[in-house]
Amino acid sequence: MRKRIFEIIQIGQRGDLPSAVFDYFIVANIVVNLLAMFLETFKELERFYPLFAVIEIVTVIIFCIEYLLRIWTADLLYPQLSRGRAVWKFLRSYDGIVDLLTILPFFFLSGFIVFRMLRVVRIFHLFRINAQYDSFHIIVKVLAEKKNQILSSLFIIVVLMLASGVGMYNAEHAVQPEVFSNAFSGIWWSVSTLLTVGYGDIYPITVVGRIMAIITAFLGVGAVAIPTGIISAGFVEQYSKNQNSDRSFTDLKKVGEIAASEENGLAGLTVQEIQQQYNMRVIVLLRGGLTVIASGDITVMAEDILVVNSDKLVK
C-alpha cells in the first residue's frame, strides 16, 4: 500500500490515472489557496472572510497530509539510502523545504504568510509536455548552460549601477541633499534608470547630473540587452538540438543508404542542396566511425554514407 501511495503522489506519473488525478487535485488546491489569500485582501469582500478562512484551513490540511505522505514514502524516493537518511534528504531537498515553508507559517509564523506563495512553484512540476523536453525544463537547462555568461553580464550591470549611483550622488547631493541624501539614493536612481526608464521620484537637475543620466540611460539599454541576447541564443540552441534529437524513424516506410562519391555528384554538395535537388530526406551521415546529424549546412564528402528516406528518391 505504501508503494502504491508513493506512485500516486509522485508528480508526472504517465499512464497512471490516480496519479494524474492527484496531480490535478493538488494544482486545484494550490489555486484555491492562493485565490483565497488574494481575495481576502479586498475590504469589499469582508463578509466572505469567514469562508476564506475555512478554505485556507482546509487547503493547508491537505498540504499537511501530502507533506506527511511524502515523508512516509521518502525511502522509496531514495531507495539507495536508509529510511532515516532518506527522510532527512527529503526534508533538505527543494520540494521538502518548499512544502515546509508552505504550511509552517499558518501554524506558527503568521508574519511569514508570504512563504505560502512558494507553493505555486509546485505547479511548474506538472507542466510536462513530454518526458524530456517540457517548457520549464528547457528554461532551467538554458539558464544552467549559460550561467557563466549570465553572471558575467550581471556583474557588468552591478558595476555600472554602483558607478552611476555614486557618480550621481556626488553630482547632485550639493543641490538636492534631501533627494540624494546618501549613496544608496544614487543607487536607487541608477537601478531605475539602467533597467527601466526611471520612476520620476528622483532625477538630476544639474548639467553634470543630466549628462551622467544620458550616458547611464544609453548604457542601460546595452546592459539589459546583453543577458537578453544570451538567454535568447540559448533558447535557439536548445530548439535546434531538440529538432535534431526529435528526428523520428517511425514515419519512414523504408530507409535506404547511398554512398556519396564524385561520380554520382553527391560529394561536395551540402545536405540541403541534396535534399532540394534529389527530393530526398537525409536523416544522418555515416562518416568513418562517426554518425553525423544531417543539418542543412554540412558538406557531404566522398565515401560518406547517406541514410535517407528511400520513399522520396527520384527513380
Side-chain angles (χ1 to χ4, degrees), residues 11-12 78 88-102 112 114-172 180 182-199 201-204 209 211-246 293 295:
I11 294 177
Y78 307 107
W88 176 238
K89 185 172 183 178
F90 169 75
L91 293 176
R92 293 185 294 112
S93 68
Y94 172 79
D95 286 343
I97 293 174
V98 170
D99 286 350
L100 180 62
L101 294 179
T102 298
F112 294 163
V114 68
F115 282 134
R116 279 178 290 172
M117 296 297 293
L118 292 175
R119 191 67 187 189
V120 76
V121 175
R122 304 286 297 183
I123 294 178
F124 294 104
H125 293 284
L126 304 177
F127 293 116
R128 299 189 177 183
I129 299 175
N130 53 54
Q132 294 182 336
Y133 296 105
D134 57 276
S135 300
F136 185 65
H137 176 74
I138 291 179
I139 293 173
V140 174
K141 193 170 183 178
V142 168
L143 294 178
E145 290 184 352
K146 301 295 182 181
K147 63 180 179 180
N148 292 333
Q149 296 92 324
I150 294 174
L151 289 175
S152 297
S153 63
L154 291 178
F155 176 76
I156 294 174
I157 292 176
V158 170
V159 171
L160 291 175
M161 180 184 69
L162 292 175
S164 61
V166 174
M168 185 60 67
Y169 166 77
N170 291 327
E172 295 290 326
F180 290 91
N182 49 50
F184 182 76
S185 301
I187 291 175
W188 161 251
W189 172 86
S190 68
V191 170
S192 63
T193 304
L194 279 170
L195 303 181
T196 67
V197 294
Y199 288 102
D201 55 341
I202 299 178
Y203 53 89
I211 292 174
M212 289 188 60
I214 294 174
I215 297 173
T216 302
F218 276 105
L219 292 176
V221 174
V224 173
I226 292 174
T228 303
I230 293 172
I231 295 175
S232 300
F235 276 111
V236 172
E237 291 177 8
Q238 285 298 320
Y239 177 77
S240 300
K241 291 179 182 179
N242 293 352
Q243 288 292 99
N244 290 331
S245 63
D246 289 342
I293 298 297
S295 58

Enquirer: Identify the two heavy atoms, one from Phe180 and one from Ile202, that lie closest to each other, and give their separation to 0.1 Å.
Expert: CZ-CG2, 3.1 Å
Enquirer: If you take all heavy atoms of Val191 and Met161, which pair is closest and at what distance?
Expert: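 So the minimum-distance heavy-atom pair works out to CG2-SD, 3.0 Å.
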Enquirer: Give the minimum heavy-atom separation between Gly165 and Ser190, together with the two atoms involved.
Expert: N-CB, 3.8 Å
Enquirer: What closest approach, in Å, do Lys146 and Ile230 show between heavy atoms, and which atom pair accounts for it?
Expert: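 Shortest heavy-atom contact: CB-CG2, 3.8 Å.
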Enquirer: Measure the shortest side-chain to side-chain distance between Ile150 and Leu143 over non-hydrogen atoms and say whether it is less than 4.5 angstrom.
Expert: yes
Enquirer: Please report the closest heavy-atom contact between Ala171 and Met212, naming both atoms and the distance.
Expert: CB-SD, 4.3 Å
Enquirer: Nearest 0.5 Å please: distance from the CG atom of Asn148 over to the OG atom of Ser153.
Expert: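 Result: 11.0 Å between the selected atoms.
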Enquirer: Which heavy atom in Tyr78 sits nearest to a heavy atom in Phe90, and how many Å separate them?
Expert: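 Taking Tyr78 first and Phe90 second, the nearest heavy atoms are CE1-N, 3.9 Å.
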Enquirer: So, taking the atom named OH in Tyr203 and the one named CD in Glu172, what distance separates them when rounded to the nearest 0.5 Å?
Expert: 10.5 Å
Enquirer: Between the side chain of Asn182 and the main-chain N/O of Ser185, is any donor-acceptor distance below 3.5 Å?
Expert: yes
